[in-house]
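Encoded as structure tokens, the structure appears first; notes follow it.
Computed from a predicted structure; not experimentally measured. One-based numbering, in listed order, for ligands and for the atoms of each.
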Amino acid sequence: MHALVKSRPEPGLWCAEVPVPEPGINDVLIRVHKTGICGTDLHIYEWDEWARSTIVTPLIIGHEFVGEVAAVGANVADLRAGEIVSGEGHVVCGRCRNCLAGRRHLCAHTQGVGVNRAGAFAEYVCVPMSNVWRHSPHVPEDVAAIFDPFGNAVHTALSFPVLGEDVLITGAGPIGIMATAVVRHAGARHVVVTDVNPKRLALARRLGATVGIDPRSEPLSAVQERLGMREGFDVGLEMSGSPTALRDMLDNLCHGGKIAMLGIPRRSEAIDWRKVIFNMITIKGIYGREMYETWYLMTVMLESGLDISPVITHRLPWYEYEQGFAVMRAGDAAKVVLDWRA
Ligand code: NAD
Ligand code: ZN
């Protein structure tokens with residue numbers, strides 16, 4: 001089969017002919033239909049510090065996908081060939097305290113599809129049956145392909161109640177844009193989104209932001225005043241990885257405010273803990289999605305009118321992946337979806 005492989009420890013990603021994976025007795029072999037390119041894939045492509053310390057080459061990368069069940073292992077009784085599925089990208093150990101207690105998203109030994117084991121940028125991918133999510137027929141395939149990052153957005157956005165609340169989202173990348181639509185759907189009052197990229201801010205406004213601003217040109221205090229807000233944002237979703245954005249968020253939160261942190265800073269960064277303490281702020285770190293409550297919530301929100309499809313700005317055949325990575329690198333794209341049947 002064709003696959004996009006990180007063949008060598010240097011920048012780049014290469015198309016290769018590789019064997020179709022053999023499913024084990026508990027595995028599901030999936031014929032990939034569509035995949036999303038994630039920021040993580042871009043890091044692996046660029047071979048940055050994180051990628052150099054994490055990825056063992058050669059590796060088929062990619063973890064955002066939708067496809068159909070092609071074959072199942074002998075122990076898999078409830079999935080049939082042809083069913084449309086995605087895979088949860090975190091393969092958990094099943095044996096640590098959290099896994100045994102049913103808190104699989106808190107597993108101490110997570111393995112990432114396309115990071116620590118063969119990924120989905122290929123005609124076929126193999127995952128354990130416990131990682132397979134069967135899609136509702138109401139979910140379009142393009143959207144199903146990005147359930148993984150959509151799940152990051154939903155898990156972060158719904159970490160704290162947002163009904164009637166004023167929400168600040170820093171970073172209008174694909175995840176920040178989807179989170180905007182989610183908190184809007186979940187009944188937030190004002191949704192203020194910040195980014196330094198005007199195209200992405202425009203998309204955030206389209207998906208429901210009350211205001212989308214470049215924090216370098218208008219301070220958040222001025223936005224609060226403009227919106228008639230008096231005590232600060234109730235909930236902050238950090239989705240940029242920028243330490244400046246986090247510090248700005250801390251300065252603009254109400255007393256008792258809540259922060260869900262998804263964005264990954266490039267290095268260890270300091271914040272003023274006195275603000276956290278005296279303003280009684282709660283900070284929650286987010287990694288991945290909840291298995292499988294987030295997947296359920298994504299599905300029912302789509303079925304009840306949530307539309308995140310405008311976040312997909314580019315659709316390409318898989319062999320034009322270089323172009324897909326180029327538009328992502330340039331900040332021109334939000335979500336890029338590759339078609340593996342093209
Ligand atoms: P992205 O890099 O496409 O988006 C980040 C956005 O932040 C960009 O649009 C950028 O212009 C903007 N930004 C940069 N500096 C800013 C500033 N000072 N203020 C406001 N915005 C600023 O990433 P994404 O795919 O949308 O993911 C969002 C973040 O979440 C990234 O940091 C990513 O690494 C991280 N992530 C975490 C998890 C997890 O499980 N914790 C999963 C996926 C992604
Ligand atoms: Zn575990």
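- Look at H109 and the Zn ion (ligand 2): no N/O/S atom of the residue is under 2.8 Å from the metal.
- The nearest pair of heavy atoms linking G171 to S240 is CA-CB, 3.8 Å.
- W133 and E88 share no donor-acceptor pair across their side chains, judged by distance under 3.5 Å alone.
- No hydrogens or angles considered: a donor-acceptor pair under 3.5 Å links the side chains of E238 and T170.
- Vertex the Zn ion (ligand 2); arms to C96 atom SG and C99 atom SG; angle 100° (nearest 10°).
- A side-chain donor from one of S86 and H135 sits under 3.5 Å from a side-chain acceptor of the other.
- Taking the six-membered ring where tryptophan is involved, the planes of H105 and H155 are perpendicular, since the angle between them exceeds 60° and thus also 30°.
- Cation-pi check for R329 over Y45 is met; the charged atom lies under 6.0 angstrom from the ring centroid and within 45 degrees of its normal.
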Does ligand 1 have any N/O atom under 3.5 Å from a protein N/O, and what are those pairs and their distances?
residue  : atom   : partner : partner atom : Å
ligand 1 : 3 (O)  : R200    : NH1          : 3.0
ligand 1 : 9 (O)  : D195    : OD1          : 3.4
ligand 1 : 9 (O)  : D195    : OD2          : 2.6
ligand 1 : 9 (O)  : R200    : NH1          : 2.7
ligand 1 : 11 (O) : D195    : OD1          : 2.7
ligand 1 : 18 (N) : S242    : OG           : 3.1
ligand 1 : 26 (O) : P174    : N            : 3.3
ligand 1 : 26 (O) : I175    : N            : 3.1
ligand 1 : 32 (O) : I264    : N            : 3.1
ligand 1 : 40 (O) : G288    : N            : 2.8
ligand 1 : 41 (N) : L262    : O            : 3.2
ligand 1 : 41 (N) : I286    : O            : 2.8

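- One side chain, H33 or E141, offers a donor N or O that lies under 3.5 Å from an acceptor on the other.
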